[in-house]
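Contents: one structure, followed by commentary.
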There are 2 protein chains.
Amino acid sequence: MSEKLNTEIRQDQFAQAALGLVAAHGLKGLSVARVAHRVGLVPSAVYRHFRGKDELLDAVLDLIRKRLTQNVQKVSDVKDSLECLRRLLLLHAQLIRENQGVPRIIFSEELYSGNPRRQTAVYGIIQGYLKRVAEIIKRGQSDGQIRRDLDASTVSIMFLGLVQPAAVLWQLSDGGIDVTKHVERAWHIFAGCIRAK
Amino acid sequence: MSEKLNTEIRQDQFAQAALGLVAAHGLKGLSVARVAHRVGLVPSAVYRHFRGKDELLDAVLDLIRKRLTQNVQKVSDVKDSLECLRRLLLLHAQLIRENQGVPRIIFSEELYSGNPRRQTAVYGIIQGYLKRVAEIIKRGQSDGQIRRDLDASTVSIMFLGLVQPAAVLWQLSDGGIDVTKHVERAWHIFAGCIRAK
DNA sequence: CCACAATGTGAGCATAGAGTCACAATGAGC
DNA sequence: GCTCATTGTGACTCTATGCTCACATTGTGG
């Protein structure tokens with residue numbers, strides 16, 4: 001029998017295991033049994049710490065939200081707002097590279113179709129991230145770094161668009177495309193466009 | 001008993017039914033039984049026209065490729081390359097609005113994880129589309145409409161990035177975001193950036 | 001050191017969905 | 001109008017997976 005650990009620790013372990021499994025085998029490959037096995041426990045053990053698979057998935061979403069928030073934190077002290085955005089973009093690319101599970105979960109409607117509550121949750125995560133990006137952009141607009149005639153919200157969505165398609169291609173090509181390189185090139189073009197003249 | 005129709009017609013019907021089902025209920029809701037029911041037939045009838053679910057999904061992918069190719073065709077006679085791109089972008093947004101199944105299938109790794117052949121197929125569809133976009137861009141570069149210092153391939157991926165995140169948000173918010181509006185605003189910014197001065 | 005709550009286990013249930021097969025109906029070509 | 005290949009049907013099997021439950025084990029507070 002495995003060591004007995006308290007619920008919070010197990011919940012964390014299960015959530016991380018789940019995220020890893022999605023990265024490796026896709027959402028389709030995410031079964032309660034596999035998650036348990038990855039943690040070194042037996043399937044039914046999962047139900048000691050979650051009411052069901054739904055609750056487990058919620059925990060995974062929470063994990064993802066934390067990772068995104070962390071990235072924003074990491075760049076929050078960069079004064080130059082364009083540089084701040086650039087670094088956030090690179091961190092984002094890195095997050096995706098290091099954990100393919102993140103985009104797979106966020107952009108797979110499998111997770112929330114037929115589950116309005118979770119759909120709202122995912123939407124909230126993305127909107128939360130976008131909001132923070134928009135704030136950085138607005139800061140750049142007030143201190144004259146970024147063109148004031150642009151809608152911060154639109155720009156923040158475009159910002160996401162710098163990574164997202166590249167991430168999909170990277171996944172599809174099994175790493176045949178360098179996400180970070182593309183993101184750097186794209187950023188160069190994009191920055192030249194929103195920078196105040 | 002239902003009317004007997006030949007295989008090509010049935011294959012088409014099943015593929016379209018499948019695409020519609022994905023739009024309505026997500027990939028998770030795509031079962032052979034439902035597809036059959038939507039066409040007004042019984043589950044086992046599907047196996048008269050496809051070897052299995054895999055072959056059905058391949059047919060759906062083919063349908064999607066055709067739709068994308070159609071869009072490129074529709075704008076192929078527009079001389080002004082920036083205008084050509086703008087129209088293609090709007091068609092793309094329209095395609096997504098009218099058939100949510102398209103992005104859901106293309107960007108859901110569920111479809112191809114654990115199936116290298118199909119993964120390659122999806123990659124091919126996107127790359128094919130990107131290639132055509134890149135050609136339009138190169139045309140714009142040679143006739144002096146678009147900045148020559150930009151890498152056409154990078155720009156084509158950015159082009160995709162103008163719609164993709166908006167499409168995801170639109171899906172997540174149940175239509176709470178106007179994809180076409182965002183795309184128009186984003187295009188305005190983007191075009192100002194790649195246009196030759 | 002002991003009781004008991006929390007955690008881990010294995011066996012088993014229920015359901016959904018892919019696929020098979022023998023048989024029935026259809027309709028196109030002769 | 002007959003024949004037969006094609007297409008449609010219903011009953012079925014098989015497998016994967018979410019989940020339950022009775023029981024075993026652990027370790028912590030008193």
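Naming convention: chains lettered A, B, ... in sequence-line order (proteins, then strands); numbering from 1 in each chain. No experiment lies behind these values; they were computed from the predicted model shown.
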Respond yes when some side-chain nitrogen or oxygen of [X] is under 4.0 Å from OP1 or OP2 of [N], and no when none is.
| X | N | answer |
| --- | --- | --- |
| Ser2(A) | dT9(C) | yes |
| His49(B) | dT6(D) | no |
| Arg10(A) | dG8(C) | yes |

Nearest-neighbour nucleotide for the [X] side chain, [options] considered:
| X | options | result |
| --- | --- | --- |
| Leu41(A) | dG10(C), dG8(C), dT9(D) | dG8(C) |
| Val32(B) | dT7(C), dA18(C), dC21(C) | dA18(C) |
| Ser31(B) | dA18(C), dG8(D), dT17(D) | dA18(C) |
| Lys4(B) | dT9(C), dT26(C), dA18(C) | dT26(C) |

(request) State which residues pass ring pair (Phe, Tyr, Trp, His ring centres under 6.0 Å) with Tyr47(A); sequence neighbours excluded, sorted by chain then number. (result) none

(message) Rounded to whole Å, how long is the line connecting atom CZ of Arg51(A) with atom P of dG18(D)?
(response)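 That distance rounds to 17 Å.
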
(request) Round to a whole Å and report the spacing from CZ of Phe50(A) to C1' of dT20(D). (result) 18 Å

(message) Let me confirm one number: the CG-CZ distance from Leu82(A) to Arg139(A), rounded to the nearest 0.5 Å.
(response)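 Those atoms lie 10.0 Å apart.
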
(message) I want to confirm an ordering. Mapping Met1(A) and Asn6(B) to their closest nucleotides on DNA chain D, which one lands closer to the 5' end?
(response) Asn6(B)

(message) When you compare the side chain of Asp58(B) with that of Arg118(B), does any pair of heavy atoms fall below 4.5 Å?
(response)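 In short, these two side chains touch, coming nearer than 4.5 Å.
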
(message) Taking donor-acceptor contacts at under 3.5 Å, does the side chain of Lys53(A) reach the base of dT17(D)?
(response)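 Answer is no: no donor-acceptor pair is held.
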
(request) Please figure out whether Thr7(A) or Glu3(B) has its closest DNA chain C nucleotide nearer the 5' end. (result)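 It is Thr7(A), whose closest nucleotide lies nearer the 5' terminus.
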
(request) Scan side-chain atoms only and decide if Arg10(B) and Gln13(B) contain a donor-acceptor pair under the 3.5 Å cut-off. (result)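 A pair is found: one side chain offers a donor N or O, the other an acceptor, under 3.5 Å apart.
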
